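Input: a single structure, listed below in structure tokens.
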Amino acid sequence: VGLHLARILRREGMELLIADIDAARAEAAARECGAKIVPPDEILTADCDVLAPCALGGVMNRETVPRVKARIICGSANNVLGTLEDGDALMRRDILYAPDYLVNAGGLIRGAEFYLLHRKDSWGSLERIYHRMQRVIQIAREQKISTARAADHLAETRLKCPKTYRDLPWGKT
């Protein structure tokens with residue numbers, strides 16, 4: 001996932017710092033994407049605009065959050081935050097956190113639409129991720145809570161709504 005993201009970002013003209021615990025994989029990615037390699041133990045504190053953790057979960061925690069220099073954390077690793085309180089700490093530092101399950105929604109949506117619904121294109125559905133992230137930011141600002149808490153609130157609210165799938169109701173009715 002990280003390499004795929006690096007390819008997209010490079011194509012968009014971004015300068016990249018990358019880290020991987022596998023040195024050979026890091027070197028191959030750096031060559032392909034014109035990136036600078038940073039040791040894995042330094043990547044979380046690298047001087048960058050956006051930090052995109054794409055492998056290990058729990059990397060934003062009580063020890064790392066105070067040292068982060070990025071202004072945005074938006075990566076595809078599952079459970080980027082160690083705890084919800086780590087999301088609160090990012091908010092207090094004015095670091096925007098894009099919740100991992102919102103960031104990862106594109107892969108699930110595309111896979112479901114391609115394999116289950118046989119759609120050739122998912123852009124309409126994928127665009128909704130952007131709008132949902134905007135809504136998460138809006139809720140966080142209005143309620144003065146972290147984006148992690150705002151996203152959880154939005155997801156929990158949606159889960160409590162009755163739904164129908166192929167004319168079969170599920171959820172609370």
Side-chain angles (χ1 to χ4, degrees), residues 1-61 63-65 67-82 86-87 89-91 93-138 140 146-148 150-152 154-155:
V1 173
L3 179 57
H4 186 67
L5 175 61
R7 288 173 179 148
I8 292 168
L9 294 174
R10 187 58 178 181
R11 203 169 41 239
E12 294 298 317
M14 304 299 140
E15 292 181 33
L16 304 174
L17 302 175
I18 62 165
D20 196 301
I21 58 171
D22 181 329
R25 192 167 42 206
E27 287 179 28
R31 273 193 310 275
E32 179 181 340
C33 298
K36 177 182 174 190
I37 299 173
V38 176
D41 61 338
E42 295 176 20
I43 194 68
L44 298 177
T45 60
D47 190 13
C48 61
D49 297 319
V50 179
L51 179 62
C54 292
L56 299 174
V59 295
M60 288 295 104
N61 56 51
E63 288 79 35
T64 59
V65 167
R67 300 184 336 219
V68 170
K69 294 178 185 164
R71 301 311 314 151
I72 298 171
I73 302 193
C74 180
S76 60
N78 293 328
N79 304 312
V80 170
L81 299 178
D86 298 320
L90 289 170
M91 178 195 70
R93 294 205 50 224
D94 200 28
I95 297 172
L96 177 63
Y97 168 66
D100 49 31
Y101 56 87
L102 196 52
V103 172
N104 288 327
L108 181 62
I109 290 167
R110 179 63 189 131
E113 289 190 357
F114 182 79
Y115 292 106
L116 300 177
L117 302 176
H118 308 290
R119 292 186 183 160
K120 292 182 181 183
D121 184 285
S122 297
W123 285 113
S125 298
L126 296 175
E127 279 183 340
R128 290 198 302 263
I129 297 169
Y130 173 78
H131 298 293
R132 290 227 169 85
M133 187 63 210
Q134 285 184 315
R135 180 72 179 125
V136 164
I137 293 168
Q138 178 185 11
S146 71
T147 52
D152 283 358
L154 197 58

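Quick caveat: nothing in here was measured; it's all calculated off a predicted structure.
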Checklist entry - If every non-hydrogen atom of Ala150 is compared with every non-hydrogen atom of Val136, which pair is closest and at what distance? => result CB-O, 3.5 Å
Checklist entry - Does the side chain of Met60 come within less than 4.5 Å of Leu44's, by heavy atoms? => result yes
Checklist entry - Taking everything shown except Ile8 itself, do over 12 heavy atoms lie less than 6.0 Å from its CD1? => result yes
Checklist entry - Does the Thr64 side chain pair with the main chain of Val59, one donor and one acceptor, at a distance under 3.5 Å? => result yes
Checklist entry - Atom CG in Leu154, atom OG1 in Thr147: separation rounded to 0.5 Å? => result 12.0 Å
Next on the checklist: If I take atom CG from residue Leu17 and atom CD from residue Glu42, how far apart are they, to the nearest 0.5 angstrom?
Outcome noted: 11.0 Å
Checklist entry - Would you say the side chains of Thr45 and Arg67 form a donor-acceptor pair under 3.5 Å? => result no
Next on the checklist: For Glu32, is the CD atom crowded, meaning more than 12 foreign heavy atoms sit under 6.0 Å from it?
Outcome noted: yes
Checklist entry - Is there side-chain contact between Cys74 and Met133, with heavy atoms separated by less than 4.5 Å? => result no
Item to check | Main-chain N/O of Cys33 paired to Arg10 side chain as donor or acceptor, under 3.5 Å | outcome: yes
Checklist entry - Just how far is it from atom CZ of Arg7 to atom CG of Leu16, taken to the nearest 0.5 Å? => result 12.0 Å
Next on the checklist: The test is side-chain contact (heavy atoms from CB on, under 4.5 Å); show your working for Asp49 and Ile72 and say whether it passes.
Outcome noted: CA-CA 6 Å; Asp49 297 319; Ile72 298 171; over 6 Å; no
Item to check | Heavy-atom closest pair, residues Met91 and Ser146 | outcome: SD-N, 3.4 Å
Item to check | Interatomic distance, Asp100 atom CG to Cys54 atom SG [nearest 0.5 angstrom] | outcome: 11.0 Å
Checklist entry - Does some side-chain heavy atom of Lys36 sit less than 4.5 Å from a side-chain heavy atom of Ile18? => result no
Checklist entry - Considering all heavy atoms of both residues, which atom of Ala148 and which atom of Gly87 are nearest to each other, and what is their separation? => result CB-CA, 4.4 Å
Item to check | Non-hydrogen side-chain atoms of Arg93 and Val68 separated by less than 4.5 Å | outcome: yes
Next on the checklist: Under 3.5 Å, is there a donor on one side chain and an acceptor on the other for Tyr101 and Asn79?
Outcome noted: no
Checklist entry - To the nearest 0.5 Å, what is the distance between CD (Glu127) and OG (Ser122)? => result 11.5 Å
Checklist entry - Roughly how far, to the nearest 0.5 Å, is CE of Met14 from SG of Cys48? => result 13.0 Å
Checklist entry - With side chains defined as the heavy atoms from C-beta onward, is the minimum distance between Val50 and Arg71 less than 4.5 Å? => result no
Checklist entry - Can you name the nearest heavy-atom pair linking Leu5 to Ala52, along with the distance? => result CD2-CB, 3.7 Å
Checklist outcome for this item: When every non-hydrogen atom of Pro53 is compared with those of Val80, the smallest separation belongs to CG-CG1, 4.1 Å
Next on the checklist: Testing the basics here: between Gly75 and Val103, what is the closest heavy-atom pair and its distance to 0.1 Å?
Outcome noted: O-CG1, 3.5 Å
Checklist entry - Does Arg110 use its side chain to pair, donor to acceptor, with the backbone of Ala105 at less than 3.5 Å? => result no
Item to check | side-chain contact (heavy atoms from CB on, under 4.5 Å) between Ile109 and Ile129, worked out | outcome: CA-CA 10 Å; Ile109 290 167; Ile129 297 169; 4.1 Å; yes
Checklist entry - Does some side-chain heavy atom of Leu90 sit less than 4.5 Å from a side-chain heavy atom of Ile73? => result yes
Item to check | Polar side-chain atom of Asp20 near backbone of Asp22 as donor-acceptor pair, under 3.5 Å | outcome: yes
Item to check | Chi angles and distances behind the side-chain contact (heavy atoms from CB on, under 4.5 Å) call for Leu51, Lys69 | outcome: CA-CA 9 Å; Leu51 179 62; Lys69 294 178 185 164; over 6 Å; no
